[in-house]
Amino acid sequence: MRILTGIQPSGTPHLGNYFGAMRQVCDLQAKGESFLFIADYHALTVNPDPEALRRNIVNLALDFIACGVDLDRTLFFRQSAIPQVCELSWILSTYTPMGLLERAHSYKDKLARGFDANAGLFTYPVLMAADILLYRSNLVPVGKDQKQHLEITRDIAIKFNNRFGDVLTIPEGYIPDNVAVVPGTDGQKMSKSYDNIIPIFGSEKEIKGKVMSIVTDCKGLAEPKDPDSCNVFKIYSLVAEPEEVEQMRRNYLGGNYGYGHAKKALFEKLWTKFEGMRARRAELAADIPAVESKLAEHAERAREEAEKTLAVVRAAVGLR
Ligand code: TYM
């Protein structure tokens, strides 16, 4: 089984990225061959500052390795180190109906928010399809916000195979319910674009500040509270052990337990959960050239896989 996912280097990775994708890769990497990449071509769709992009790419590489990506099991590389993905994306785009892209939620959302959309943003799902199909991936762990993009990938691949035979591997998404949408501090989906994130690797002060700012209802200390509609509890459930979660549930229901108590417990859990990873990240940051050279070495191997797929695709469509 081949597992693949990608993350954009668009700033500080947050708990949504961690639970929605990073941790899934770390958990799944023992179960098959895994591929993980930094989606730097995708990041260009918002025309970032070049220096910031370069910095974010290196930082994301450190974040991922610190979070447990095992470089002996997982091929970890920059998307742009394998420009073959652009060739596949072009070929696939010529078999992609316009309507399929026009219906993409993330594109429509950006338009609705007044974003000045470029052509790259519109064809973004085709590049994502190329990412997945280039490496003949079977399983793609992502958060729920990427579900439609996966469906588009499958639609494109099925359409292509209907015309040319069994050329492309049809992937499945892997979106466990409990981490499908990690809420942000304001209760919407945690997202950099909503400015509601809790970073994985922030300073103590920063993370504490973010946790304290999580929006709750205004029930008083003595009143019983509903754990299932509370974002503090939802995030706590992701990081704490089941018996601790049960204890917090009882505390909520029993009254005399305030949101301040819950936030303090959440902060402490988060701070200790990522402690080892923070230390590992600091070690990695002391030798960035070693990380860069690993990425380059892995890209070499990913390129060989990419070429195998492209050879078949080129032949199928009549380019060779
Ligand atoms: P990106 O960079 O926006 O997010 C990376 C991963 O984090 C997940 N995620 C979340 N999961 C749960 N709750 C949240 N609040 C939350 N926020 C983010 C995302 O679903 C994603 O899995 N287009 C992709 C990157 C990409 C890709 C690919 C992914 C490019 N090519 C091929 C898989 C396969 C993106 O922008 O993710």
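Values in this document were obtained by computation on a predicted structure and should not be read as measured data. Every number for a ligand or one of its atoms is a count from 1 in the order of the listing.
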Please tell me if the side chains of Val215 and Thr185 come closer than 4.5 Å, counting only heavy atoms from C-beta onward.
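No, too far: nothing below the 4.5 Å cut-off.
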Hey, does Val85 have a side-chain heavy atom less than 4.5 Å from the side chain of Leu127?
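Side chain of Leu127 against side chain of Val85, heavy atoms only: contact under 4.5 Å found.
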Please state which option from Phe37, Tyr41, Tyr124 has its nearest heavy atom closest to atom 36 (O) of ligand 1.
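It is Tyr124 that holds the nearest heavy atom.
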Among Met128, His149, Gln24, which one puts a heavy atom closest to atom 32 (C) of ligand 1?
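Nearest heavy atom to atom 32 (C) of ligand 1 lies in Met128.
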Can you say whether the rings of Tyr252 and Tyr257 are parallel (under 30°), tilted (30 to 60°) or perpendicular (over 60°)?
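Tilted.
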Does the plane of the ring in Phe201 sit parallel, tilted or perpendicular to the ring in Phe274? Use 30° and 60° as the thresholds.
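Answer is perpendicular, since the angle exceeds 60°.
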Cation-pi check, Lys219 to Tyr259: give yes when NZ or CZ is under 6.0 Å from the six-membered ring centre and within 45° of the ring axis, no otherwise.
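Relative to the ring axis of Tyr259, which defines the angle, Lys219 lies outside at least one limit.
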Atom 9 (N) of ligand 1 [closest protein heavy-atom partner, distance rounded to 0.1 Å]
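Residue, atom and distance for the closest contact: Gly16 O, 3.7 Å.
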Going by the atom numbers of ligand 1, which of them fall below 4.0 Å from some non-hydrogen atom of [X]?
X      : value
Asn17  : 4 (O), 5 (C), 6 (C), 7 (O), 9 (N), 18 (C)
Gly20  : 11 (N), 12 (C)
Gln8   : 2 (O), 35 (C), 36 (O)
Val179 : 12 (C)
Ile7   : 2 (O), 5 (C)

Region of [X] engaging ligand 1 - heavy atom pairs below 4.0 Å:
X      : result
His42  : side chain
Phe19  : neither
Ile132 : side chain

Taking atom types as modelled and ignoring hydrogens, do the side chains of Asn17 and Arg23 form a donor-acceptor contact shorter than 3.5 angstrom?
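Absent: no donor and acceptor within the cut-off.
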Arg136-Thr309 side chain donor-acceptor pair, cut-off 3.5 Å
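Side chains of Arg136 and Thr309: pair found under 3.5 Å.
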Do any nitrogen or oxygen atoms of [X] lie less than 3.5 angstrom from nitrogen or oxygen atoms of ligand 1?
X      : result
Gln79  : no
Val182 : yes
Lys192 : no
Val140 : no

Quick one: do Glu304 and Arg301 make a salt bridge, cutoff under 4.0 Å?
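Answer for the salt bridge query: no.
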Salt-bridge contact Glu51-Arg55 (side-chain N to carboxylate O under 4.0 Å)
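No, this pair does not count.
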Step through it carefully: locate the ring centre of Phe77, locate the ring centre of Tyr135, and say whether they are under 6.0 Å apart.
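Ring centres of Tyr135 and Phe77 closer than 6.0 Å.
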